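We use all heavy atoms of the structure for the numbers below, so side chains are in, but hydrogens, waters and symmetry mates are not. Computed from a predicted model, the values in this text were never measured in an experiment.
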Amino acid sequence: MPESTVILDAAAIGRALARIAHEIAERNENSTEVALVGIPAGGNVLAQRLGKILSEIWKHPVPLGTLDVSMHRDDLAQRAAPRIHPTVMPFDVNGKTVVLVDDVLFSGRTTRAAMDALNDFGRPKKIQLAVLVDRGHRELPIKADFVGKNVPTALDEKIHVQIGEKDEVILERK
C-alpha cells in the first residue's frame, strides 16, 4: 500500500505562488511584455493564480493563455490516445516574455513540447519556466527559472498536485 505525505498544504502553496510572482516581477522590468501560459491541466490554474498576484503587483492585468502540448510530445506513438486540451492564446506572443507555468517539472519533456507548441504561435522574445514543484530526474537540459519547492524524489515516487476545493501537494511512496 502506498504511503502518502502532504509536502505542501494550501497555505504553503499560497506562499510559494506569492514568492514566484514576486520573482517574476523582479526579473522582468517591463511588465507589459510579460504573458503567462499554463500547461494543462495543473499549470492552468496556477497560471491564473500567478496572474492575479502579478496584476496586484504591477497594477495592470497580465495576459493569460493555455497551451495544449499533446501533439508535440515525443512519446506520442507510445500513448494509446493523447488527451487533448483546448489551446487559448488571446495575445500575440511575438516579442513577449512568455512564462510557461506547470505544476510539476520531472523529465523536462513536457516543457520541451510546450516550447515547440508555443513556436506555432510566433517567436517570443524570451521563454521562462515557472513550476510549483521540481522533483528532479531531468532527461533533457531544462531548468525552471522559478520554483515553488524542490522535492528530490525516487523514480518510483509520484507527486500529486491538487488545486481546487482542497489545495495540496502529496508525495506518494510505494
Inset, instruction - May I ask you to test the Pro124-Asn94 pair for a side-chain heavy-atom distance under 4.5 Å? - result: no
Under 3.5 Å, side-chain donor or acceptor atoms of residues 2-14 against the rest of the protein: list the pairs with distances, not counting sequence neighbours.
{"residue": "Thr5", "atom": "OG1", "partner": "Arg173", "partner atom": "NH1", "Å": "3.2"}
{"residue": "Asp9", "atom": "OD1", "partner": "Ala11", "partner atom": "N", "Å": "3.3"}
{"residue": "Asp9", "atom": "OD1", "partner": "Ala12", "partner atom": "N", "Å": "2.8"}

Legend entry - Qualifying residues under side-chain hydrogen bond (donor to acceptor under 3.5 Å, both in side chains), relative to Ser55, sequence neighbours excluded: none
Inset, instruction - Count the heavy atoms belonging to other residues, nucleotides or ligands that lie under 6.0 Å from CD of Glu56, then report whether that count exceeds 12. - result: yes
Inset, instruction - Evaluate salt bridge (Lys or Arg N to Asp or Glu O under 4.0 Å) for Arg27 paired with Glu23, printing each intermediate quantity in order. - result: CA-CA 6 Å; Arg27 198 166 307 167; Glu23 289 175 6; 5.3 Å; no
Inset, instruction - Nearest 0.5 Å please: distance from the CD1 atom of Ile57 over to the CG atom of Leu50. - result: 9.5 Å
Inset, instruction - Considering only NZ, NE, NH1 and NH2 on the basic side and carboxylate oxygens on the acidic side, decide whether Asp92 and Lys96 come within less than 4.0 Å. - result: no
Inset, instruction - Could you state whether Val99 and Val69 fall into the same hydrophobic cluster, counting links through intermediate Ile, Leu, Val, Met, Phe, Trp or Tyr residues with side-chain heavy atoms under 4.5 angstrom apart? - result: no
Legend entry - side-chain hydrogen bond (donor to acceptor under 3.5 Å, both in side chains) partners of Lys125, counting only residues at least two apart: Glu33
Inset, instruction - Measure the CD-CD distance between Glu172 and Glu157 for me, rounded to the nearest 0.5 Å. - result: 9.5 Å
Legend entry - Heavy-atom pair with the smallest gap, counting every atom of Pro90 and Gly65: CD-CA, 4.2 Å
Legend entry - Pairwise distance CG(Leu155) to CZ(Phe106) - rounded to 0.5 angstrom: 5.5 Å
Inset, instruction - Verify side chain to side chain contact (heavy atoms under 4.5 Å, CB included) between Phe121 and Thr87, making sure each step is shown before the conclusion. - result: CA-CA 11 Å; Phe121 292 91; Thr87 290; 3.5 Å; yes
Legend entry - Side-chain heavy atoms of Val131 within contact of Val104, under 4.5 Å: no
Inset, instruction - Quick one: pull up NZ in Lys126 and CZ in Arg123 and give me the separation to the nearest 0.5 Å. - result: 13.0 Å
Inset, instruction - Supply the atom-to-atom distance His72 NE2 to Asn119 CG, rounded to the nearest 0.5 angstrom. - result: 9.0 Å
Legend entry - Single-linkage hydrophobic cluster, 4.5 Å side-chain cutoff, Val62 and Ile20 together: yes
Determine all donor-acceptor pairs shorter than 3.5 Å in which one atom belongs to a side chain in residues 34-49; sequence neighbours excluded.
{"residue": "Arg49", "atom": "NH1", "partner": "Asp167", "partner atom": "OD2", "Å": "2.4"}
{"residue": "Arg49", "atom": "NH2", "partner": "Asp167", "partner atom": "OD2", "Å": "3.2"}

Legend entry - Same apolar cluster (I L V M F W Y, side chains within < 4.5 Å links), Val98/Met115: yes
Inset, instruction - Report the residues that fulfil side-chain hydrogen bond (donor to acceptor under 3.5 Å, both in side chains) with His22, sequence neighbours left out, ordered by chain and then residue number. - result: none
Legend entry - ILVMFWY cluster, Val161 and Leu17 together (side-chain gap under 4.5 Å): yes
Legend entry - Considering all heavy atoms, the nearest Asp68-Ser70 contact: OD1-OG, 2.8 Å
Inset, instruction - Could you tell me whether the side chain of Arg109 reaches within less than 4.5 Å of the side chain of Glu139, counting heavy atoms only? - result: yes
Inset, instruction - Working to the nearest 0.5 Å, report the span between CG of Asn28 and CG of Leu54. - result: 9.0 Å
Inset, instruction - Return the minimal non-hydrogen interatomic distance between His60 and Ser31, and the atom names on each side. - result: NE2-OG, 2.8 Å
Inset, instruction - Identify the heavy atoms of Pro86 and Thr66 that sit nearest to each other, and give their distance. - result: O-CG2, 3.4 Å
Legend entry - Closest non-hydrogen atom pair, Trp58 against Ala25: CZ2-CA, 3.5 Å
Pair up each side-chain donor or acceptor in residues 141-154 with any protein partner under 3.5 Å, not counting sequence neighbours, and list the distances.
{"residue": "Asp145", "atom": "OD2", "partner": "Leu129", "partner atom": "N", "Å": "2.7"}
{"residue": "Thr153", "atom": "OG1", "partner": "Arg135", "partner atom": "O", "Å": "3.2"}
{"residue": "Thr153", "atom": "OG1", "partner": "Arg135", "partner atom": "NE", "Å": "2.9"}
{"residue": "Thr153", "atom": "OG1", "partner": "Arg135", "partner atom": "NH2", "Å": "3.1"}
{"residue": "Thr153", "atom": "OG1", "partner": "His137", "partner atom": "NE2", "Å": "3.4"}

Inset, instruction - Report whether Leu140 and Leu118 are members of the same hydrophobic cluster (ILVMFWY, side-chain heavy atoms less than 4.5 Å apart, transitive linking). - result: yes
